[in-house]
Amino acid sequence: MADLLLALDVKGKAEAVRVATACTGELDAIKIGYPLVLSTGLEIVKDLAKSEIPIIADFKVADIPNTNSLICEEVFGAGCAGIITHAFCGSDSLAACVDASHDHGGVCFVVCEMSHPGALDFLSGENAERMARMAKAAGADGIIAPATRPERTATLRTIIGSSMKIYSPGVGAQGAQPEDVKKYVDGIIVGRAIYEAADPKAAAHEFRVRAR
Ligand code: NUP
């Protein structure tokens, strides 16, 4: 049984609030990222807080430790409950992100293997497995692993064990189905297949039921 996270990659406050409001009661969390936040500012977190579900900032943080900590301060200061970071900058950068998240009462998820075809160039295979081990050693709360390659997500699950969560993008527009990964993960991430749907609430409802 997996939760449903909406990837709210729309532009502007009006559209973001329209989709989030339409999906009330059908979501377990909302994931925001650069497309929305660059068009609205971080104030959008306060506007979305009315939905009373956790807001997770997918900023794929990838910098030196001090900069990572400063990014976390802003994200959690704005009211987010979680952040998504990269791990490829190394264990010190990752530790800074995890520690800053926990200092602010938030959670930190680590991108290990990405869902798109180009992930096979770097963000997959042995690199992904090393990053999963690094995420576990750093005390991260979970990892991001692809619904588009369920067998890889299953492998990453064996590395991190059951005490960490996996959130999995790639369902819907990228071609994966909830049934492909729901037994390996704690949540599926769905963007376009919900926010571009004629009836976002109905689409979210269907994904949520299928993820159960
Ligand atoms: O590996 C990843 N793949 C991915 O699609 C890691 C991610 N964080 N994402 C994000 O998930 C992506 O940036 C987008 O916000 C969402 C998937 O959206 P969609 O393909 O369902 O529209």
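For the numbers below, each heavy atom of this structure counts, side chains included, while hydrogens, waters and symmetry mates do not.
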Note to self: side-chain contact (heavy atoms from CB on, under 4.5 Å) for Val171 and Gln177? Distances and angles first, verdict last.
What the structure shows: CA-CA 5 Å; Val171 171; Gln177 305 298 320; 5.9 Å; no
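The only option from Val190, Leu6, Ile189 that meets the side chain to side chain contact (heavy atoms under 4.5 Å, CB included) definition with Lys31 turns out to be Ile189. Residue Val61 forms a side chain to side chain contact (heavy atoms under 4.5 Å, CB included) with just one option from Val110, Leu94, Thr85, and that option is Thr85.
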Validation: residues 37-46 side-chain donor-acceptor distances under 3.5 Å, sequence neighbours left out:
{"residue": "Ser39", "atom": "OG", "partner": "Gly12", "partner atom": "N", "Å": "2.9"}
{"residue": "Ser39", "atom": "OG", "partner": "Pro35", "partner atom": "O", "Å": "3.3"}
{"residue": "Ser39", "atom": "OG", "partner": "Leu36", "partner atom": "O", "Å": "2.8"}
{"residue": "Thr40", "atom": "OG1", "partner": "Leu36", "partner atom": "O", "Å": "3.0"}
{"residue": "Lys46", "atom": "NZ", "partner": "Ala78", "partner atom": "O", "Å": "3.2"}

Per-pair distances, 0.1 Å, donor-acceptor, side chain in residues 21-30, under 3.5 Å, sequence neighbours excluded:
{"residue": "Thr21", "atom": "OG1", "partner": "Val17", "partner atom": "O", "Å": "2.6"}
{"residue": "Thr24", "atom": "OG1", "partner": "Thr21", "partner atom": "O", "Å": "2.7"}
{"residue": "Glu26", "atom": "OE1", "partner": "His205", "partner atom": "ND1", "Å": "3.0"}
{"residue": "Glu26", "atom": "OE2", "partner": "His205", "partner atom": "ND1", "Å": "3.3"}
{"residue": "Asp28", "atom": "OD1", "partner": "Arg208", "partner atom": "NH2", "Å": "2.7"}
{"residue": "Asp28", "atom": "OD2", "partner": "Leu4", "partner atom": "N", "Å": "2.8"}

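A continuous path of hydrophobic side-chain contacts links Leu48 to Val10 [ILVMFWY only; heavy atoms under 4.5 Å]. Residues Ile71 and Tyr34 fall within the same hydrophobic cluster, defined by Ile, Leu, Val, Met, Phe, Trp and Tyr side chains chained together at heavy-atom separations under 4.5 Å. In the hydrophobic cluster analysis, where Ile, Leu, Val, Met, Phe, Trp and Tyr join through side-chain heavy atoms closer than 4.5 angstrom, Ile84 is grouped apart from Ile53. Cluster membership check: Ile56 shares its hydrophobic cluster with Val111, using side-chain heavy-atom separations under 4.5 Å among Ile, Leu, Val, Met, Phe, Trp and Tyr. Under the 4.5 Å side-chain heavy-atom criterion for Ile, Leu, Val, Met, Phe, Trp and Tyr, Phe59 and Phe76 are members of the same hydrophobic cluster.
Within 6.0 Å of the CZ atom in Phe122, the count of heavy atoms belonging to other residues, nucleotides or ligands does not exceed 12. Under a cut-off of 6.0 angstrom, the local environment of CZ in Arg130 is sparse, with at most 12 non-hydrogen atoms contributed by other residues, nucleotides or ligands. Remark: Glu52 CD is loosely packed, at most 12 non-hydrogen atoms of other residues, nucleotides or ligands lying under 6.0 Å away. The environment of Lys13 atom NZ is sparse: at most 12 non-hydrogen atoms of other residues, nucleotides or ligands sit within 6.0 angstrom. A 6.0 Å sphere centred on NZ of Lys182 holds more than 12 heavy atoms belonging to other residues, nucleotides or ligands.
Of all the heavy atoms in Gly90 and Met134, the pair that sits closest is C-SD, 3.9 Å. Summarising the geometry of Ala128 relative to Cys112, their closest heavy-atom pair is CB-O, 3.4 Å, with the distance given to 0.1 Å. Taking all atoms of both residues into account, the shortest heavy-atom contact from Ala138 to Val98 is O-CG1, 3.3 Å. The two residues Ile160 and Ala132 make their nearest non-hydrogen contact at CG2-O, 3.9 Å. The shortest non-hydrogen separation linking Ala81 to Pro54 is CB-CB, 3.8 Å. When every heavy atom of Met131 is checked against every heavy atom of Leu123, the shortest pair comes out as CE-CD2, 3.4 Å.
The structure places CD1 of Ile194 at 6.0 Å from CZ of Phe207, a figure rounded to the nearest 0.5 Å. Rounding to the nearest 0.5 Å places CZ of Phe109 at 4.0 Å from OH of Tyr167. Remark: Cys97 SG to His86 NE2 distance equals 11.0 Å, nearest 0.5 Å. Interatomic distance, CD of Glu74 versus CG of Leu70, reported as 8.0 Å (0.5 Å rounding). Taken to the nearest 0.5 Å, the CD1 atom of Ile159 stands 8.0 Å off from the CD1 atom of Ile143. Summarising the geometry, atom CD1 belonging to Ile144 is positioned 11.5 Å from atom NZ belonging to Lys165; distances are rounded to the nearest 0.5 Å.
Here the side chain of Arg212 pairs no donor or acceptor atom with the backbone of Met1 at under 3.5 angstrom.
Looking at heavy atoms from C-beta onward, Cys72 lies in side-chain contact with Ile83 at the 4.5 angstrom threshold. Contact of the Leu8 side chain with the Val19 side chain is registered, since non-hydrogen atoms from C-beta on lie closer than 4.5 Å. Residues Pro146 and Ser168 form no side-chain contact, since every pair of their non-hydrogen atoms from C-beta on lies 4.5 Å or further apart. Side-chain contact check for Arg133 versus Lys136: every heavy-atom pair is 4.5 Å or farther apart.
Side chains of Thr148 and Gln174: a donor-acceptor N/O pair is absent below 3.5 angstrom, by distance only.
For Asp3, the salt bridge (Lys or Arg N to Asp or Glu O under 4.0 Å) test picks out no residue, with sequence neighbours left out.
The stretch residues 100-109 participates, sequence neighbours left out, in these side chain to side chain donor-acceptor pair (under 3.5 Å) pairs: His102-Asp141. Under the side chain to side chain donor-acceptor pair (under 3.5 Å) criterion, the residue pairs touching residues 59-70 are Asp58-Lys60, with sequence neighbours excluded. Note on residues 106-123: pairs passing salt bridge (Lys or Arg N to Asp or Glu O under 4.0 Å), not counting sequence neighbours, are Glu113-Arg149, Glu113-Arg152.
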